[in-house]
Amino acid sequence: MTPTEPPPRIPFVDLAAQSRRLRPEIDRRIGEVLDHGRYVMGPEVGELEAELGRWGAGASAVAVSSGSDALLIALLALGVGRAENRRDAVFVPTFTFTATAEVVLLAGAVPIFVDVREDDFLIDLESLDREYEVLRTAGAATPKAVIPVDLFGLPVAEKPLADWAAARNIEVISDAAQSFGARRDGNPVGSLAPVTTTSFYPAKPLGCYGDGGAVLCVEPATAEVVRSIREHGQSADRYDIVRLGVNGRLDSLQAAVLLAKLTVFEQELAARRAVAAGYSERLRASSSTAMPWRVSAPECAPGVESSWAQYTLRVDDAAGRPSAETRDGLRAHLDRAGIPTAVYYPRPMHLQPAYERYGRGAGSLPVSESLADRVVSLPMHPYLDQDALDRICERIANP
Ligand SMILES: *Cc1c(COP(=O)(O)O)cnc(C)c1O
């Protein structure tokens, strides 16, 4: 008897399948850059910005060097930071990637960590308001901005947050690193907040072949400031430095790759939605009381189109209690069957050594702390086929 071959490992993100599909167009675009030789601020950058602006329903888009730099530049453009006798405070969800918190400190402001909601992982307005009141009574820093994060690709509902912020004279910068291409009631990311930042890191829904990002501004005047900060704070005259800036440009080569990828982006978003629907259907159909874990699938409210950067489950034990052991057990069980998973994020920012002095420690933001023990993200990309979906969901249902 010959032992049966183990099935091939399923890729968590399949960039190879995408590059096979797009290779001729990517080669052509890269060839053009090599031909004209304008590697920095070549014509592809402007072309890309026009495309991104269209995706953002007419927003002014500025291509930059990464999603992290996009956030930093946005904060600088809005004047968030510190002055002689004042330090600004910026509210950020604690359940996020480190960049959201890091840029606040780099800009000279202090991060104020806020809890997220259990069901959709997005910033919790009640927690935000509580932290605002704590800050106001303590009076240590001036509340200046909030950075809602569209975690896993789901855009934050902009209206309640915009109203809350406007009433307190607080700026909103949307961290849409994971949600470019998502929509709410037909309105695309880029048009949902005055200033939106995104990332083109390879594994994001729209990724380049290196680092990249963009800032999208509803007001063209804000975009002009962003443009200036992206290039050392220059004015129209290159040697006229009118404000503090950075080197935050996107390479022409990365813009070329993104232009090629944009030709199929809408199709890829539809494919991601189909994968998410396929997961949810199968998980519903196969869930049984014999399973040692109970999984809750992510949901999209009517009118909301996630970009499905990640498909993230909440895992509890059979009795429905939070249990990191159960989550880790499910991960090991999947890994043994050639199914990779990831945990975004295993530790909330207010408990990270680099940031804990800005928070109130364990127990202060309980939903995020609990989610860190319970979430698991399954393979998600536009080229995940039905067989792979079957295999993953059967494995979850059969311990
Ligand atoms: C990826 C990511 C960033 C940073 O983007 P980079 O391009 O890697 O700098 C910021 N915020 C969130 C939520 C992210 O997922």
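Read the numbers this way: they start at 1 and go in the same order the structure lists the ligands and their atoms. Just the heavy atoms: all of them, side chains too, but no hydrogens, waters or symmetry mates, feed the values below.
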Peer 1: Starting from atom 9 (O) of ligand 1, what is the nearest protein heavy atom, named by residue and atom, and what distance separates them?
Peer 2: S68 OG, 2.5 Å

Peer 1: Below the 3.5 angstrom mark, is there an N/O of D211, backbone or side chain, next to an N/O of ligand 1?
Peer 2: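 Not met; the criterion fails.
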
Peer 1: Can you check side-chain contact (heavy atoms from CB on, under 4.5 Å) on K261 and E268, steps first, answer last?
Peer 2: CA-CA 9 Å; K261 292 206 186 187; E268 289 189 340; 5.8 Å; no

Peer 1: Give the ring-plane orientation class for F113 versus H350, where under 30° counts as parallel, over 60° as perpendicular and anything between as tilted.
Peer 2: tilted

Peer 1: Nearest heavy atom to atom 7 (O) of ligand 1 wins, so pick from A177, S199, A101.
Peer 2: S199

Peer 1: D316 and salt bridge (Lys or Arg N to Asp or Glu O under 4.0 Å): which single residue from R374, R294, R321 fits?
Peer 2: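 The residue from R374, R294, R321 that satisfies salt bridge (Lys or Arg N to Asp or Glu O under 4.0 Å) with D316 turns out to be R374.
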
Peer 1: Measure the distance from atom 14 (C) of ligand 1 to every protein heavy atom, then report the residue, atom name and distance (to 0.1 Å) of the closest one.
Peer 2: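 Heavy-atom neighbour on the protein nearest atom 14 (C) of ligand 1: K204 NZ, 3.0 Å.
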
Peer 1: Looking only at side-chain N and O atoms, does Q254 offer a donor or acceptor that is under 3.5 Å from a partner on R249?
Peer 2: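 Their side chains do not contain a donor-acceptor pair, so the 3.5 Å distance test is not met.
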
Peer 1: Looking only at N/O atoms, are L151 and ligand 1 under 3.5 Å apart anywhere?
Peer 2: no

Peer 1: If you measure from atom 10 (C) of ligand 1 to every heavy atom of D175, D150, V64, which option wins on shortest distance?
Peer 2: D175

Peer 1: Below 30° counts as parallel, above 60° as perpendicular, anything between as tilted: where do the rings of F152 and Y345 land?
Peer 2: parallel

Peer 1: Taking only heavy atoms of V149, which atoms of ligand 1 are found under 4.0 Å from at least one of them?
Peer 2: 13 (C)

